[in-house]
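Input: a single structure, listed below in structure tokens.
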Amino acid sequence: MKEVLTVCPYCGVGCNFYLQVENGKVKGLRPSKEHPINRGSLCPKGATVHQVIYHPDRLTKPLIKKGGSFKEASWDEAYSLIAAKFAELKERYGGKSLGLLSSSMATNEDNYLAQKFARAVLGTNTVDQCARLCHASTVAGLISSFGSGAMTNSIEELGGAKCLFLIGSNPAEAHPIIANNFIKPAVRAGAKLIVADPRRTELAKRADIYLPLRPGSDIALLNAMMNYMIAEGLHDEGFIRDRTEGFAELREVLSRYTLERGAEASGLPEELIRAAAETYAKNSPASIVYCMGITQHHIGTGNVISIANLAMLTGNVGKEASGVNPLRGKNNVQGACDMGVLPEFLPGYRSMGDGAARGAFEAAWGVKLPDYEPMIWCTRMWDEILAGRLKGLYIIGENIAITEANLSKVERALEMLEFLVVQEVFPTRTAEFADVILPACSFAEKDGTFTSTERRVQKVRKAIEPLGESKPDWLILCELAQRLGYPMAYDSPAEIMEEIRRLVPTYGGITYKRLEEGFGLQWPCPSEDHPGTKFLHKDRFTRGLGRFQPVEHRPPAEEPDEEYPLVLTTGRILMQYGAGSFTRRVPALERANPENFIELNSEDAGRYHIKEGDKVRVISRRGEIIAKARITEIRPGTAFMPFLYQESPANRLTIDTLDPICGIPEFKVCAARIEPVG
Ligand code: SF4
């Protein structure tokens, strides 16, 4: 038996394990004991991921839809059809009529080629990925505050913080190894824990201060905390003077956020807000950990900026065990952003509107880049299709017919497309709408790199040959590009990484040879003798000075009323991952959570005569679904549902109001009502 070290393909924690291979087949896996983050452990998802590699549902041949059903085809037939249709649409309507959605589960090398394929081959800047749905507001907010949109510090440093402030983050379920290996031990060792979340999560139960705030009131809470800190002299005057700009403007706006106003907006007692402010400010180094509870709002960018303001106000950036730490969802969502799979940015966050950056990439790729405007985020694609402007779409590894907000609209749009290609490992709901399905191989069958939430670029290693006729994403893109007349040919992912290194300065020193020697390198790593960077903004922010930006509280786009009296919020659960296309095919995980559920407070359940386990109809202005009731300690008036269940998709209910700065939908707040079934 040989063991091949590789990276978990699920969440952004980036745990490593060895795939155990015998006679060319994966037989099991063993967690890496030496890895600095997972240290010999894996969560239930990672521990069972090898069980899906040979699942009989695997797509192993190209499929072409004929007469309403899919028929097996050769790669040659599939490539010929795709090349002809994309060329025809480009000829008739221009490159802007085409779009590409890449996958944050795919490697950096796959993602680099995906955006290059869109921009250099299809001639469109309509290229995006699921960061738009989870952390687009982090990228926009932290770049404007600090100059870099990534986690400022490292996972290990959470263990050294004197205070951990978790806001809109439930790592015990969404990032379990971070919770188990770092947050819980830090708390046991005496670190103060503040948790702001409308759900009384596992970590909320261990918190020194638990803030069960009203969904959508984060800015009011944070502003009131900051105003109190300034009034009490708890801010760091030296840091503000030497390292930041814009404090006077911030202070002026904060002065209107009294504890009373913060309490009124958030539904929290003033005493709790005061205690949270004192605990965070007096226990330095303090680290803020946030996730989609912060980002998925129509004011998501404002939420992130507000968090950056709080950290700078107290001098908790640019030093060990402090910082602003967005936990990324998917395994390589950080890398997909780094690789420029965003309409705003070329690889390395170089603006599509920056003439010098455009010139550099045009010279490297030998093409004229498409226009910057109009910028079509994936969350805007559906309106573009319905308006007849977007005609053809290429979707790599994204199940958007489950994960986008307001699914009925997305389904109407997918039906209207003239041509849809879906490249996938398993059949998905989205693939049902495709004209051509291309079989991609799984993580176990390819080489490349993933970049974890802490900017750690790690080597993904091929353990077995691709199943059936499936191929790695990068190879499919190269072969298709050549059919479309563009010379995109690489021998291996290593060759693609060499091009990335040349064009993305933060990856400049990251070679495959160096990645073989340890457990990855954290960017920025600009040269081959650079050790990588544990935490950012040490003596200087990436943008020079840290920028305070005042943000005003604004209520959610849709608030509860008589007809829809509940606030519905959505999120992840421990035993399932993403849209479930892998985890729902693992029997043990599926047994743990076989069907959708809705968490309700006992007060609300009593009002509607609903008991634990009852089936309820959940209704919003956009649709309705059925789910099983769970009575929990969630904030009264609030209900929670996971979003992954295809047979009962919570996103049939969610609202597609977008943050106008970054295009993220307000998944975390919509108005709903419930009715008992039968
Ligand atoms: Fe995989 Fe994330 Fe679980 Fe680690 S915590 S095993 S990376 S799913």
Side-chain angles (χ1 to χ4, degrees), residues 4-20 26 28-53 103-108 130 134-135 151 154-156 158-159 166 169-185 201-203 289 291-292 325-336 425 442-444 448-461 463 519-520 522 571-586 588-590 592-593 642 644:
V4 180
L5 182 67
T6 195
V7 187
C8 178
Y10 288 139
C11 89
V13 178
C15 300
N16 278 205
F17 51 67
Y18 294 89
L19 284 174
Q20 298 170 315
V26 175
L29 61 74
R30 175 174 73 80
S32 163
K33 284 201 183 82
E34 300 77 28
H35 191 269
I37 305 304
N38 60 297
R39 301 175 177 179
S41 57
L42 294 170
C43 80
K45 298 182 284 275
T48 53
V49 65
H50 61 292
Q51 295 177 19
V52 290
I53 295 170
S103 171
S104 49
M105 279 186 85
T107 62
N108 287 319
C130 78
C134 60
H135 275 287
M151 190 165 159
S154 296
I155 295 170
E156 265 188 304
L158 297 174
L166 269 58
S169 175
N170 180 12
E173 297 212 54
H175 302 89
I177 294 297
I178 291 181
N180 292 343
N181 287 2
F182 299 95
I183 295 176
K184 289 176 190 172
T201 59
E202 185 191 333
L203 287 172
V289 173
C291 204
M292 297 191 296
N325 297 299
L327 301 185
R328 293 306 194 95
K330 286 189 179 171
N331 55 327
N332 197 34
V333 70
Q334 180 65 57
V425 177
S442 80
F443 76 103
T449 54
F450 293 154
T451 305
S452 78
T453 186
E454 58 171 356
R455 299 170 276 104
R456 185 184 296 273
V457 183
Q458 305 191 93
K459 188 77 180 51
V460 179
R461 294 178 182 85
F519 293 103
Q522 287 174 279
R572 297 207 156 110
I573 55 174
L574 175 65
M575 300 299 246
Q576 295 287 351
Y577 177 76
S581 59
F582 276 52
T583 47
R584 293 203 73 189
R585 291 183 164 93
V586 176
L589 300 179
E590 184 62 0
N593 285 108
L644 69 109

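Order of listing sets the numbers, starting from 1, for every ligand and every atom in it. One is the number of the first residue; the rest follow in order along the sequence.
Checked against side-chain contact (heavy atoms from CB on, under 4.5 Å), S581 has the following partners two or more places apart in sequence or in another chain: T428, R585. A search for salt bridge (charged side-chain N to carboxylate O under 4.0 Å, His left out) contacts involving K184 returns E202, not counting sequence neighbours. In this view, R584 and E590, E647 satisfy the salt bridge (charged side-chain N to carboxylate O under 4.0 Å, His left out) rule, not counting sequence neighbours.
Using a 4.5 Å heavy-atom threshold, the side chains of F443 and N331 count as separate.
Between E156 and R456 no salt bridge is recorded (no basic side-chain N to carboxylate O distance below 4.0 Å).
Tally of protein N, O or S atoms closer to atom 4 (Fe) of ligand 1 than 2.8 Å: 1.
In this structure, a donor-acceptor pair under 3.5 Å is present between the side chains of N108 and T449.
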